[in-house]
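Here is the structure we will look at, set down as C-alpha cells.
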Amino acid sequence: MRMLLIHSDYLEYEVKDRALKNPEPISEEQKKGRLDEVLAVFMSVEKADETNPDEVVEKAVIEIKDVASQVKADRIFVYPFAHLSSELAKPDVALKVLQRIEERLRQEGFEVKRAPFGYYKAFRLSCKGHPLAELSRTIVPSG
Ligand SMILES: Nc1ncnc2c1ncn2[C@@H]1O[C@H](COS(=O)(=O)NC(=O)[C@@H](N)CO)[C@@H](O)[C@H]1O
C-alpha cells in the first residue's frame, strides 16, 4: 500500500462520474464531503497487499496514528487514490481494506470520513505547509 499524508486546513470533495463499472453504492449526502483541520490520507491499495489485507490494515493504522500524533490531528480523511502505484489491488479487495482502516481509526478515537470508492471526484485541499505537512509511507505485508 502507498499512502500520501497531507496535513490540511480542509479537504472537500464532490463526486462526479463513475470510474468503475460497479462503484461503491453511496447515499445522496455522501456525494459531497468536507472536513476541516484534517490529516488527509490518499491511499493506493496494491496487489501485494492481497496476500494479507488484515496485516496491511493494522500497519496502515499504526502509521496514520503516528503521523496524526506528530501533527496533532484528530480528524482523518481516508481517500481512495489509484495514482500512487502502478500495481493496484483489485477494487473489491481495495474497498474492503479502506473500509476496515476507516473502522479501525474510528475505534482509535479519530473523527473519520472516507471519500467514496470508484468515482471520479473533484476535490480541494489546503495543505498547511509546515515541515511535516506532506509525508508518504509504503506498507508491505511481511508474508
Ligand atoms: N487499488 C485501489 N486503491 C485505491 N483506490 C482504488 C483502487 N482500485 C480502484 N480504486 C478506486 O476506483 C477508482 C478507479 O480506479 S482505477 O484504477 O483508476 N480504474 C479506472 O479508472 C477504470 N476506469 C479503468 O481501469 C479510483 O479513483 C478509486 O476510487
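Each ligand, and each atom within it, is numbered from 1 in the order the structure gives.
Contacts with ligand 1 closer than 4.0 Å are made by side-chain heavy atoms of Ala94 only, the backbone lying farther away. Of the heavy atoms in Phe81, only backbone atoms (N, CA, C, O) come closer than 4.0 Å to ligand 1. At a heavy-atom distance under 4.0 Å, no atom of Val93 approaches ligand 1. When non-hydrogen atoms are compared, ligand 1 lies under 4.0 Å from the backbone of Met43 (N, CA, C, O) but not from its side chain.
Nearest residue to atom 17 (O) of ligand 1 from Asp49, Leu88, Leu98, Leu95 is Leu88 (criterion: closest heavy atom).
Each of the following atoms of ligand 1 lies closer than 4.0 Å to a heavy atom of Ala19: 13 (C), 14 (C), 20 (C), 21 (O), 22 (C), 23 (N). In summary, the atoms of ligand 1 found under 4.0 Å from a heavy atom of Pro80, numbered by their order in the structure, are 5 (N), 29 (O). Ligand-side atoms of ligand 1 in range of Ala89: 1 (N), range being under 4.0 angstrom from any heavy atom. Atoms of ligand 1 found under 4.0 Å from any heavy atom of Tyr120 (numbered from 1 in listed order, with element): 21 (O), 23 (N).
Regarding atom 18 (O) of ligand 1, its nearest protein heavy-atom neighbour is Ala82 CB, 3.5 Å. From the protein, the heavy atom lying nearest to atom 9 (C) of ligand 1 is Phe117 CZ, 3.5 Å. With respect to atom 1 (N) of ligand 1, the closest heavy atom belonging to the protein is Val45 O, 2.8 Å. Of the protein's non-hydrogen atoms, the one nearest atom 29 (O) of ligand 1 is Gly118 N, 3.0 Å. Among protein heavy atoms, the minimum distance from atom 19 (N) of ligand 1 is reached at Leu20 CD2, 3.9 Å. Distance from atom 27 (O) of ligand 1 to its nearest protein heavy atom, with residue and atom name: Tyr119 O, 3.9 Å.
At distances below 3.5 Å, not a single donor-acceptor pair connects side-chain atoms of Ser136 with backbone N or O atoms of Leu4. Without hydrogens or angle criteria, Glu87 side chain to Ala48 main chain gives no donor-acceptor distance under 3.5 Å. Under the 3.5 Å distance criterion, the side-chain polar atoms of Arg100 are left unmatched by any main-chain donor or acceptor of Asp54. Checking side-chain atoms of Tyr119 against main-chain N and O of Glu24 turns up a donor-acceptor pair under 3.5 Å. Side-chain atoms of Lys59 come within 3.5 Å of backbone atoms of Val140 as a donor-acceptor pair (strictly under, hydrogens ignored).
The protein does not reach atom 24 (C) of ligand 1 closely, with no heavy atom under 4.0 angstrom from it. Distance screen at 4.0 Å: atom 3 (N) of ligand 1 has a protein heavy-atom neighbour inside the cut-off.
Shown here is Lys128, whose NZ atom has more than 12 heavy atoms of other residues, nucleotides or ligands within 6.0 Å. Atom CZ of Arg106 sits in a crowded spot, with more than 12 heavy atoms from other residues, nucleotides or ligands closer than 6.0 Å. The local environment of CD in Glu29 is sparse, with at most 12 non-hydrogen atoms from other residues, nucleotides or ligands closer than 6.0 Å.
Within the cation-pi definition used here (under 6.0 Å to the ring centroid, within 45° of the axis), Lys121 qualifies as a partner of Tyr79.
Note that the NE2 atom of His7 and the CG atom of Leu39 stand 6.5 Å from one another [nearest 0.5 Å].
Checked against a 6.0 Å centroid threshold, the rings of Phe123 and Phe42 count as neighbours.
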